[in-house]
A.B. asks: 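Mind looking over this structure? Questions follow.
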Amino acid sequence: MSNGLPIRDFRRGRITSIADSLIPENSVSDSLNVNFDTKIGSGVVRSGTTKLGGTVSAGSTPLGLTTFSTTDLSTNLVVGVVSGATNASFRYYNGSWNTAGTQPNSGTWSNTKKNRFANLGGRIFVANGAQAMNSTTNGNVWGTTNCLPNTTTTHLVGLVFRQKNRLLAAGDTLFPSRVWFSSVISPAAATTLTWADGNLGGDFIDINPDDGDYVTAFAETADQFLVFKSNAFYRLNVISKTVDTENIFDVGAVSQEAVTRCQGVAYFFSGKDIRRTAGGFPEQISRLGVQDYIDAISQSSWANVALGADDWNVYASIGNITLNTGKDNQATYKNVVLKFSTRDEAWSVHSTGDQYRFFTKYTTSADGKTLIGSETSGNVQTLNKGFTDNGRPIFYFLETQDLEFGGLQDVKEISNNIVAFTDNGQNSRLKISTDGKTLKEIPIDLTERVSVGRNVNERGNYFKFRWEGESTGDAPVFEGLFIPSPTNSGIN
């Protein structure tokens with residue numbers, strides 16, 4: 001039996017911003033495009049992204065995304081909004097992408113505002129904060145049926161949400177703290193949905209109007225409905241139309257796109273961190289794993305942060321990020337997506353081909369329920385599908401924590417062999433850094449699952465290993481290392 005040090009557990013994922021003496025051994029110091037929840041303990045290169053149909057609108061800015069389907073999927077639409085030359089354009093996907101025949105507001109629709117959607121009573125409703133609410137049954141013909149009317153005051157709401165068989169609307173510039181309620185949907189009635197929009201006798205509630213903030217988002221948990229403002233959130237009872245005054249938390253969400261739900265819990269980007277809540281205290285979850293990325297988001301880019309979720313993971317698209325600005329190890333990562341595994345409480349960092357601005361779930365008979373996103377090159381893509389990012393290789397790396405092999409004060413020597421365990425690692429490389437110096441490549445062929453690198457000959461107080469490569473096929477897997485017992489020379 002060989003004596004040595006196995007390093008074969010990375011289940012905690014990426015952990016930074018913590019003293020070396022406290023860092024969990026089963027974590028990594030940095031990684032890119034490597035997941036830690038696919039095969040517990042190992043690092044597995046993420047799956048790719050695949051374009052949904054053809055290009056929606058090349059070079060256009062995405063302004064909204066939603067889905068609409070019946071139980072049997074006989075109607076199964078993806079609806080998107082993209083910028084145009086002068087006005088935004090509504091598109092819908094029913095096997096191929098189409099341009100809506102009758103655009104909302106007679107084709108005069110904001111070319112910059114974000115669009116938020118809700119489905120109720122066989123209709124898709126849209127609000128953008130610049131024009132009156134619109135709706136459609138098929139993505140092709142838009143109008144104002146069952147929408148918040150403008151009989152008393154022009155209501156230009158920017159948020160719409162379905163809850164308890166009714167619609168909620170908010171985000172009006174004249175009444176920034178106001179939430180309007182529709183009637184409960186009544187499919188058998190001549191008018192299935194109505195609103196009382198009067199400023200005095202209307203069906204609405206003002207959410208703490210004296211705090212100087214505005215409603216930014218809605219969210220639902222397993223048993224609570226939440227109203228976010230820019231610096232707080234509130235629990236709202238949609239049945240009694242009252243706010244729980246004893247449960248006001250002084251942290252908010254920057255936008256509707258910065259909020260998602262996974263496993264009955266709401267996740268949101270506050271501008272300074274990522275938090276989660278089931279309706280109570282909002283727990284900060286970003287600090288140990290990805291706070292360096294969060295801190296590097298400029299305030300001007302907060303509005304473009306988008307969160308989405310699949311069955312088990314939360315994704316936060318945060319754009320281009322530069323870490324360690326002004327230092328020797330400064331690095332810029334393109335189109336960063338932070339992924340949080342709700343099962344394993346582990347963070348990983350992805351860099352995708354384009355920046356996602358909106359996420360939504362989409363179900364097909366072929367792929368089941370998937371997460372799709374609209375991105376800045378003019379496509380809608382399915383995440384976690386395929387081996388490449390829409391034809392582009394996936395570049396990846398994983399860096400271990402600083403390995404001290406005993407005490408940091410002692411000088412150790414790795415004089416000869418090192419063993420690496422990989423799968424599909426033929427296009428990957430292994431490097432080593434000693435005492436924080438420049439990484440250098442270890443002569444090793446990672447074609448086999450068990451590979452031996454020879455004549456390492458490194459001497460220092462601590463070591464770091466980096467596994468890297470590019471992938472266009474079956475996911476490479478890093479299972480770890482075995483290091484024959486380093487020679488300890490004590491304090492020198």
A.B. asks: Would you say the side-chain atoms of Ser110 pair up with the backbone N or O of Lys113, donor to acceptor, closer than 3.5 Å?
C.D. replies: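 Present.
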A.B. asks: Please find out if less than 6.0 Å separates the ring center of Trp195 from that of Phe181.
C.D. replies: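 When the ring centroids of Trp195 and Phe181 are compared, they turn out to be at least 6.0 Å apart.
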A.B. asks: Are Tyr333 and Asn320 close enough that a side-chain donor and a side-chain acceptor fall under 3.5 Å?
C.D. replies: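 The answer is no; no qualifying pair exists.
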A.B. asks: Between the main-chain N or O of Ala303 and the side-chain N or O of Glu257, is there a donor-acceptor pair closer than 3.5 Å?
C.D. replies: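 No.
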A.B. asks: Describe, in one word, how the ring planes of Trp467 and Tyr396 are oriented to each other, choosing from parallel (under 30°), tilted (30 to 60°) and perpendicular (over 60°).
C.D. replies: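 Tilted.
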A.B. asks: How many angstroms lie between CZ in Arg91 and OG1 in Thr99, if you round to the nearest 0.5 Å?
C.D. replies: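 Atom-to-atom, Arg91:CZ and Thr99:OG1 are 3.5 Å apart.
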A.B. asks: Step through it carefully: locate the ring centre of Phe90, locate the ring centre of Trp142, and say whether they are under 6.0 Å apart.
C.D. replies: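 Yes: the rings meet the under 6.0 Å criterion.
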A.B. asks: Which of parallel (below 30°), tilted (30 to 60°) and perpendicular (above 60°) describes Phe268 and Phe228?
C.D. replies: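 Phe268 and Phe228: tilted rings.
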A.B. asks: Tell me whether the centres of the aromatic rings in Phe10 and Phe36 are closer together than 6.0 Å.
C.D. replies: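 When the ring centroids of Phe10 and Phe36 are compared, they turn out to be at least 6.0 Å apart.
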A.B. asks: Distance alone, cut at 3.5 Å: any donor-acceptor contact between the side chains of Ser286 and Gln291?
C.D. replies: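 The criterion, which ignores hydrogens and geometry beyond distance, is satisfied for Gln291 and Ser286.
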A.B. asks: Please report the C-alpha distance between Ser183 and Thr194 in whole Å, then the side-chain angles of each, then the deciding distance to 0.1 Å, and finally whether the side-chain hydrogen bond (donor to acceptor under 3.5 Å, both in side chains) criterion is met.
C.D. replies: CA-CA 5 Å; Ser183 65; Thr194 60; 3.3 Å; yes
A.B. asks: Would you call the rings of Phe340 and Tyr267 parallel, tilted or perpendicular, taking 30° and 60° as the class edges?
C.D. replies: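 Correct class here is tilted.
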A.B. asks: If the test is side-chain hydrogen bond (donor to acceptor under 3.5 Å, both in side chains), which one of Thr352, Thr260, Asn384 qualifies with Tyr315?
C.D. replies: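 Testing each of Thr352, Thr260, Asn384 against Tyr315, the sole residue satisfying side-chain hydrogen bond (donor to acceptor under 3.5 Å, both in side chains) is Asn384.
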A.B. asks: Can you label the angle between the Phe175 ring and the His155 ring as parallel, tilted or perpendicular, going by 30° and 60°?
C.D. replies: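 Answer is tilted, since the angle falls between 30° and 60°.
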A.B. asks: Holding to side chain to side chain donor-acceptor pair (under 3.5 Å), I want the full list of residues that pass it with Ser471, two or more places apart in sequence or in another chain.
C.D. replies: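 Listed in chain order: nothing, the list is empty.
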A.B. asks: Examine distances only and state if a side-chain atom of Thr38 and a backbone atom of Asn35 form a donor-acceptor pair shorter than 3.5 Å.
C.D. replies: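 Side chain of Thr38 to backbone of Asn35, a donor-acceptor pair under 3.5 Å: no, none is there.
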A.B. asks: What heavy-atom pair brings Phe125 and Val160 nearest, and what distance separates the two atoms?
C.D. replies: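 Looking at all heavy atoms of both residues, the shortest contact is O-CG1, 4.0 Å.
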